[in-house]
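Proteins come first, then strands; the chains are lettered A, B, ... in the order of their sequence lines, and each starts at number 1.
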2 protein chains.
Amino acid sequence: MKPKLKIIPLGGAGEIGKNMTLVEYDDAILVIDAGLMFPESDMLGVDIVIPDIAYLLENHARVRGIVITHGHEDHIGALPHVLPRLNVPIYATPLTRGLIEVKLKAHKLLKDATLHTISTRDTIQLDPFTVETFHVCHSVPDGIGLAITTPLGTIVHSSDFKFDPSPVDGQLTDFAKLAELGGRGILALTSDSTNADTPGHTPSETTINDSFARVFSSAEGRVIIATFASNISRIQQIIDIATRHNRQVAIIGRSMQDNVKMAAQLGYLRVPEGALIRVDQLHQLAQNEIVIVCTGGQGEPTSALVRMANHDHKQVALIPGDTVILSATPIPGNEEMINRTLNNLFRAGAFVYYDDLLHVHVSGHASQEEQKLLINLVRPKYFIPLHGEYRHLVLHARLAQSIGIPPDNIFVVENGAVVEFDEQGHARIARDKIQASDVLVDGIGIGDVGTTVLRERHHLSEDGFLVAVLTLDAHTGEVVFGPEIITHGFVYLEQSEEMLAGAKEAMLGALKKGGSGTALSAKLKDVLSHYLYQHTHRRPMVIPVVTEV
Amino acid sequence: MKPKLKIIPLGGAGEIGKNMTLVEYDDAILVIDAGLMFPESDMLGVDIVIPDIAYLLENHARVRGIVITHGHEDHIGALPHVLPRLNVPIYATPLTRGLIEVKLKAHKLLKDATLHTISTRDTIQLDPFTVETFHVCHSVPDGIGLAITTPLGTIVHSSDFKFDPSPVDGQLTDFAKLAELGGRGILALTSDSTNADTPGHTPSETTINDSFARVFSSAEGRVIIATFASNISRIQQIIDIATRHNRQVAIIGRSMQDNVKMAAQLGYLRVPEGALIRVDQLHQLAQNEIVIVCTGGQGEPTSALVRMANHDHKQVALIPGDTVILSATPIPGNEEMINRTLNNLFRAGAFVYYDDLLHVHVSGHASQEEQKLLINLVRPKYFIPLHGEYRHLVLHARLAQSIGIPPDNIFVVENGAVVEFDEQGHARIARDKIQASDVLVDGIGIGDVGTTVLRERHHLSEDGFLVAVLTLDAHTGEVVFGPEIITHGFVYLEQSEEMLAGAKEAMLGALKKGGSGTALSAKLKDVLSHYLYQHTHRRPMVIPVVTEV
């Protein structure tokens, strides 16, 4: 029996196949992307979420390499955590490679990495896979989709894409290659589902030029624009419009500065002479000659924009008359932080433009009509919606069905599921999944924060804790020290002295009834918990510490 | 000098003047509404947020009463917490009174409350205030705005409103009264800013009938609709459409059942014979004869919808073929919970409709053109935007300015600010604010959870805590017991034994250098914190407990 061909999506924080996808045949595994997700709100204290690479570590020798489709965090952000454990060759287009290098350099990992540059119309041989690349439009230049030819057929992987008719860099999604692939006969298409609930077409990146021009024309003071550090296309638009309006652009923030420098060096950013200025030179300009570009489009508490709004930034403070544009889509879960930032920007006296008010941002992902167009161009036998939450996958599957893909040939799967193809070209979902839990990164620790620690953090976040320390004489059972109570996150101590004195009384009362060791501790815990709930209707984590000396 | 007339907004969780507004003249204070807000995501462990009534308690004898504008939580929800401390008469229209009674009964407070019924075109005398009511459309019937005539002029308070041309209950916003008031000369208008960033008109409540009809026509199984428990208009629409499609409606959830019963008794809900059915009778019907209405439109973890989706509800489990409609606008901060619920509904095999996919909900608040219409009808001298976050107030102020209200006559204020009018009819913002902090309710405690406790909860939620217990001989300084380490929410213990053993070593090392009392504790804390950060890059709350016996 010939080996099977397998497609396995990986990801995190509710997104399926977004951060990593595996293609496996015989003794070879090809990895597509290695991105991170930001933690969901109940992943308390977690810094980032990365895909589970346990399966790859177990099969280290079989991994041929990682092909990166574009330079966004959710596709490259896990590399600093993956490479030290799985140092395989990385393949990326020039700008994507540049963004990876900036990142690896910051993590002091660049020297040990093996990077190969590929082009947006390229063919690389990673036996038994032949990987052909084709350009796709997205909100960062130099993005690619992949056609992976295997002994059992060709898989087309769209990655994040849209059909932008007028992209900022002039590079269209590669219709010709897609049509050619469609003519060749494609076994399976895996495609971007992010906007599967959005009808029609996603507007072109350049449609926001008009809004920007309107804002620039009317702004009497500085113009400050917040966007993602890797949104090179948006930065290009800003530089172009600023130049036309006789303004100079200052970039704030290390990662954005590094990206801009790198993109300009590689020729992905056209920077006219004198278009950029350093922040410490801004005092030389009049207010209406200034544009500032910074991060903070998600209301991130430590971002430059939030610090400026709160008058907490070293170099720039917002002043009345400033105009601020938030050019970003809220990541679900960030809405409240963004709203708070907007309120503080208004409080600081700024004119603020955000997407509800003016068309200042477009999605980088295909809407329904574009998703259908891709399917019609590629005409795959099988369709696997990826890149989205579960509901997006289902909606994308229905779209595919509506244009003629038979329902039995569509697979809506979760992370870790294995879609396998046999030599007759029949596909099915394998009974066994591979390990694919959300791997949480907190500080240095990778994966050690799991259900138990999160449950404790959640408990502590709701009602705090109370530790009661008591030292007994080992011989007589008399109290030698305590009870002393240490409590945080539970009640306001200054108002709770009486209640806490009562808690001590309750402990001593329980003590009189005898007992020792764990039985005594358990009893004290019960008595204390009951007493505290009665007096507060709160349930702090209660921990009696009884020592005998 | 004559007394001044004052308008004072109160509220919580970032909303200004939404939950309570005070009108004060001489020795009299009139209170408008007493609502609650749900906590913002950084108000860890907090149940609800209510307005600060310290000023009212200080001036208890001067409070004439509370006029309630409509029966939503953000306008009545604080009554159970306010009335025990400020038991003044309450004035409300019949349905609003009914919703208040359901609430007070649940809190065993109904007997002690003084409730007066008023109509939607009424005049009540609360000296020196003459309060005239006028009907306003909103997403609950029987809502009113107020015209409050004082010795210094008349204030019009819109409360939550929209100009719905075809409301479910047929009752329009009272144009005639508003025009009459405008002709009379109005000192100040306070108006609903919620949708000040939304251009145009808010669609009528009845525009969603078409979407509902489409869903009902195509649904082959049960139809399950999630909405707010107090959304009587939406429930009316559902009953009407269900009846037309030969389906019977079961209401799930105590508060919604109570509201429906009460509204039907008062004649605000037209329930045809046999339109409703009890949940325990549903087995008598075919799947396509069933409609279920429940709460859960915000993805609340304990709501009926979420439990059904998770197969965790006692009476109803979702099955493939069910159709689910989420008929609610996400409250900012709830998006992630809603998305998760949507994903689980799709996972359960349901056809799911939400606002991105189909027009199944409309806002209850006026959009920009309606906000302008109200200002043009009332033609106030002064304009005070209320009911919204700060940015909405600023945008509403700009709208008012765009249609001719002079900027000096517009006051954008924060909660607790006092807008005062003198006898010449001049207004200004008083130098002093009244106390107006967010009052957090957690369990029984009202207001005891503040900055300190929240900061501790935040710290604990990020990295947990570590208590190190150590008992020393008071004479020799020798270690009698310990160090013992108790830690939760910090690391996964099973993987951390070595690291924690090292922490004990570090403590003992520090101990050897001598010291006692608080100095020793402080040193141990430093040493431990440093050690733990080095080994984990986390900063748990570190508490050494050193006792001497």
(message) Please evaluate residues A:Y354 and B:D197 with respect to the criterion side chain to side chain contact (heavy atoms under 4.5 Å, CB included), reporting the C-alpha separation (whole Å), side-chain torsions for both, the decisive distance (0.1 Å), and the verdict.
(response) CA-CA 10 Å; A:Y354 52 103; B:D197 56 7; 2.8 Å; yes

(request) Could you check if a side-chain atom of B:F346 sits within less than 4.5 angstrom of a side-chain atom of A:L395, using non-hydrogen atoms only? (result) yes

(request) Please tell me if the side chains of A:T547 and B:T471 come closer than 4.5 Å, counting only heavy atoms from C-beta onward. (result)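 Yes, side chains in contact.
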
What part of [X] gets within 4.5 angstrom of chain B, counting heavy atoms only: side chain, backbone, both, or neither?
| X | answer |
| --- | --- |
| A:F490 | backbone |
| A:R398 | side chain |
| A:Q495 | side chain |
| A:A350 | backbone |
| A:H535 | backbone |
| A:S41 | both |
| A:M541 | side chain |
| A:E494 | neither |

(message) Quick one: does any side-chain atom of A:R457 pair with a main-chain N or O of B:L460 as donor and acceptor, under 3.5 Å?
(response)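 No; judged by distance alone, with no hydrogens or angles, the pair does not exist.
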
(request) Give the intermediate values and the outcome of side chain to side chain contact (heavy atoms under 4.5 Å, CB included) for residues B:T452 and A:L493. (result) CA-CA 10 Å; B:T452 311; A:L493 291 181; over 6 Å; no

Just so I understand: if I count every heavy-atom pair under 4.5 Å between each of [options] and chain A, which residue has the most?
| options | value |
| --- | --- |
| B:D42, B:N343, B:I486 | B:N343 |
| B:F465, B:Y533, B:Y492 | B:F465 |
| B:V352, B:V449, B:L357 | B:L357 |

When only pairs under 4.5 Å are counted, which of [options] shares the most heavy-atom pairs with chain B?
| options | result |
| --- | --- |
| A:V549, A:V394, A:T536, A:L345 | A:T536 |
| A:V480, A:V545, A:V467 | A:V545 |
| A:H459, A:E456, A:E548 | A:E456 |

(message) Can you tell me how far apart CD (B:E336) and CD (A:E336) are? Round to the nearest 0.5 Å.
(response) 11.0 Å

(request) Run the salt-bridge test on B:D448 and A:R538 with the 4.0 Å N-O cut-off and return the result as yes or no. (result) yes

(message) Between A:R340 and B:E389, does any NZ, NE, NH1 or NH2 come within less than 4.0 Å of an OD or OE carboxylate oxygen?
(response) no

(request) Mind listing the closest non-hydrogen atom pair of B:Q534 and A:I444 along with its distance? (result) O-CD1, 3.7 Å

(request) Taking all non-hydrogen atoms of both residues into account, name the closest pair between B:E462 and A:D442 and its distance. (result)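 Taking B:E462 first and A:D442 second, the nearest heavy atoms are O-OD2, 4.2 Å.
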
(request) Determine whether more than 12 heavy atoms belonging to other residues, nucleotides or ligands lie under 6.0 Å from atom NE2 of A:H458. (result) no

(message) Would you say that more than 12 heavy atoms from the other residues, nucleotides or ligands in this model lie under 6.0 Å from the NE2 of A:H530, or not?
(response) no

(message) Using the side-chain hydrogen bond (donor to acceptor under 3.5 Å, both in side chains) definition, which of the options B:N344, B:N339, B:T341 pairs with A:R391?
(response) B:N339

(message) Pair A:V453, B:V491 - check side chain to side chain contact (heavy atoms under 4.5 Å, CB included), show working.
(response) CA-CA 7 Å; A:V453 175; B:V491 288; 5.8 Å; no

